[in-house]
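Beneath this line is the structure, given in structure tokens, with notes to follow.
Below, chains carry the letters A, B, ... as their sequence lines are ordered, and counting in each starts from 1.
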Number of protein chains: 2
Amino acid sequence: MPKSEEKATRIANRRRKPAFGILPDLIGYNLRQAQVAVFLDFAATVDGHDITPGQFGVLILIEANPGLNQSQLGVAMGVDRSTVVAVIDRLEARRLVARRPAPQDRRSYALELTPEGSRILAELRPEVLAHEARIAADLSPAEQRTLIDLLKRLCKPKR
Amino acid sequence: MPKSEEKATRIANRRRKPAFGILPDLIGYNLRQAQVAVFLDFAATVDGHDITPGQFGVLILIEANPGLNQSQLGVAMGVDRSTVVAVIDRLEARRLVARRPAPQDRRSYALELTPEGSRILAELRPEVLAHEARIAADLSPAEQRTLIDLLKRLCKPKR
DNA sequence: TATTGTTATACTCTATAACTATA
DNA sequence: TATAGTTATAGAGTATAACAATA
């Protein structure tokens, strides 16, 4: 095969878009694709703060519920309490969250934002709102509300 | 504190639902919550087949594009080609996917489903469709189409 | 030079099981 | 007995950087 033909074949192969079967019709697949894209935009948005969507959620939850313990945080996030340990370890090492002694129960910690954590969160909040506006730029406000409503109703069978 | 009061406090703490701040208004958060719930239902649905949504997607892609190589698969899935290696390693170890010599390019493998892989996929497909119907049970067919449309339009700014 | 597959390495996220201190 | 936090362990999934074989 002559060189020019090889290259043409390679480029053709690269351009020939693969078929996706039933995937584009599946809610689960589109959910996953959307989440990957949103995650990338989030990371780019808060660049310099080095924070993940999950960590942002933890900061919001602790700010909204000061004194929350790790088990309660796990329930709120939908993860096991053993998973919470490492999450809080990372945030504590960065001095964004503190484990205080819980006044009523010596088994547990009362989680709080440090002043630095509050400051970072104050900076993050408008950035995250800008990120939200950007990912949803192609959707009207009504469509954005519809999307959130539909997402909340997934996996919630009629009662 | 008397025992009965302790218990009452604990139960009250457990019942007092934490506040979620701005999270419920964020598309990213609802996307994540929905994906976790969908993933759990998927795992329960294909129980016994021990397959993840990502692995199901790989099987569908290989079936729809027999002879695809690993790099092309990575592009189609949106992951690095080094990530594809371990994914295919696992599916090959389970004899669901085979690395065949690529006819035109000795650097690459032509990926194919084994007969066992085709068989499993034939079993999985109706299970996955049932799973899709279940997670979307609270949505009308029109709402399901709307949801998929809105998800596809996320992170796709107006051109 | 560019591409394919691979390895080494590292990090996040996740879970289960078992342990300890405390309730 | 039950709960809170922890540790050990394991596995999936992800990425970057470098390498050999091939194009």
Side-chain angles (χ1 to χ4, degrees), chain A residues 1-14 32 35-36 39-40 42-43 50-58 67-75 77-94 99-111, chain B residues 1-11 13-14 32 35-36 39-40 42-43 50-58 67-75 77-94 97 99-111:
Chain A
M1 193 191 263
K3 261 194 185 169
S4 60
E5 203 179 321
E6 276 174 22
K7 188 169 184 181
T9 302
R10 203 186 58 221
I11 290 173
N13 276 334
R14 214 190 304 159
R32 165 71 182 160
Q35 222 225 303
V36 169
F39 190 98
L40 284 176
F42 185 99
D50 186 31
I51 204 132
T52 66
Q55 290 171 338
F56 175 75
V58 169
L68 196 74
N69 71 32
Q70 294 184 186
S71 293
Q72 293 167 333
L73 179 58
V75 171
M77 292 198 303
V79 301
D80 192 85
R81 67 190 199 277
S82 69
T83 301
V84 176
V85 175
V87 173
I88 298 300
D89 281 353
R90 278 186 283 273
L91 292 172
E92 192 181 38
R94 292 172 61 185
R99 287 171 160 112
R100 308 290 186 203
Q104 314 283 1
D105 187 339
R106 287 194 297 165
R107 291 172 305 180
S108 63
Y109 294 118
L111 299 175
Chain B
M1 194 191 262
K3 261 191 184 170
S4 61
E5 202 179 322
E6 276 173 20
K7 187 168 183 182
T9 303
R10 202 185 61 222
I11 291 173
N13 277 334
R14 213 191 302 158
R32 166 68 181 161
Q35 222 224 304
V36 168
F39 190 99
L40 284 176
F42 185 99
D50 187 29
I51 204 132
T52 65
Q55 290 171 340
F56 175 75
V58 169
L68 196 74
N69 72 30
Q70 295 184 185
S71 292
Q72 292 166 334
L73 180 58
V75 171
M77 292 199 302
V79 300
D80 192 85
R81 66 189 199 278
S82 69
T83 301
V84 176
V85 175
V87 172
I88 297 300
D89 281 352
R90 278 187 284 274
L91 292 172
E92 192 181 38
R94 292 174 60 186
V97 165
R99 287 171 160 112
R100 310 287 185 205
Q104 315 283 2
D105 187 339
R106 288 193 297 165
R107 292 172 305 180
S108 63
Y109 293 119
L111 299 175

If you check every side-chain atom of [X], which of [options] has the closest atom?
{"X": "Y109(B)", "options": "dT6(C), dG13(D), dT6(D)", "value": "dT6(C)"}
{"X": "R90(B)", "options": "dA4(D), dG13(D), dT7(D)", "value": "dG13(D)"}
{"X": "R32(B)", "options": "dG13(D), dT6(C), dC13(C)", "value": "dC13(C)"}
{"X": "V79(B)", "options": "dT14(D), dT22(C), dG5(D)", "value": "dT14(D)"}

Can you find a side chain N or O atom of [X] that sits less than 4.0 Å from OP1 or OP2 on [N]?
{"X": "R106(A)", "N": "dA23(C)", "answer": "yes"}
{"X": "Q55(B)", "N": "dA12(D)", "answer": "no"}
{"X": "Q72(A)", "N": "dA4(D)", "answer": "no"}

(message) Measuring only between side-chain heavy atoms, which start at C-beta, is I88(B) closer than 4.5 Å to L73(B)?
(response) yes
(message) Quick check on DNA chain C: between G54(A) and L68(B), whose nearest nucleotide comes earlier from the 5' end?
(response) L68(B)
(request) Using heavy atoms to find the nearest nucleotide of DNA chain C for F39(A) and D105(A) separately, return the residue whose nucleotide is more 5′. (result)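 Taking each residue's closest nucleotide, the earlier one in sequence belongs to F39(A).
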Euclidean distance, atom [atom1] of residue [X] to atom [atom2] of [N] [Å, nearest integer]:
{"X": "Q104(B)", "N": "dT22(D)", "atom1": "CD", "atom2": "P", "value": "16 Å"}
{"X": "N69(A)", "N": "dG5(D)", "atom1": "CG", "atom2": "P", "value": "4 Å"}
{"X": "I88(B)", "N": "dA12(D)", "atom1": "CD1", "atom2": "P", "value": "14 Å"}
{"X": "R99(B)", "N": "dT4(C)", "atom1": "CZ", "atom2": "P", "value": "15 Å"}
{"X": "L73(A)", "N": "dC13(C)", "atom1": "CG", "atom2": "P", "value": "13 Å"}
{"X": "R94(B)", "N": "dA12(D)", "atom1": "CZ", "atom2": "C1'", "value": "13 Å"}

(message) On a heavy-atom basis, which atom in A102(A) and which in S108(A) lie closest, and how many Å separate them?
(response)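 That would be CB-O, 3.3 Å.
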(request) Looking only at non-hydrogen atoms, find the nearest pair between P53(B) and F39(B) and report the distance. (result) CD-CE1, 3.5 Å
(message) Distance check, rounded to the nearest 0.5 Å: T52(B) atom OG1 versus R90(B) atom CZ?
(response) 8.0 Å
(message) Evaluate R94(B) against D50(B) for side chain to side chain contact (heavy atoms under 4.5 Å, CB included), listing each step before the verdict.
(response) CA-CA 11 Å; R94(B) 292 174 60 186; D50(B) 187 29; 4.2 Å; yes
Mark yes or no for a side-chain to base donor-acceptor pair under 3.5 Å between [X] and [N], with no hydrogen or angle criteria applied.
{"X": "R81(A)", "N": "dG5(D)", "value": "yes"}
{"X": "S82(B)", "N": "dT14(D)", "value": "no"}
{"X": "R107(B)", "N": "dT3(C)", "value": "yes"}

(request) Between T52(B) and D80(A), just flag the one whose closest nucleotide in DNA chain D comes earlier from the 5' side. (result) D80(A)
(message) Can you work out whether T83(A) or V36(A) has the more 5'-proximal nearest nucleotide on DNA chain D?
(response) T83(A)
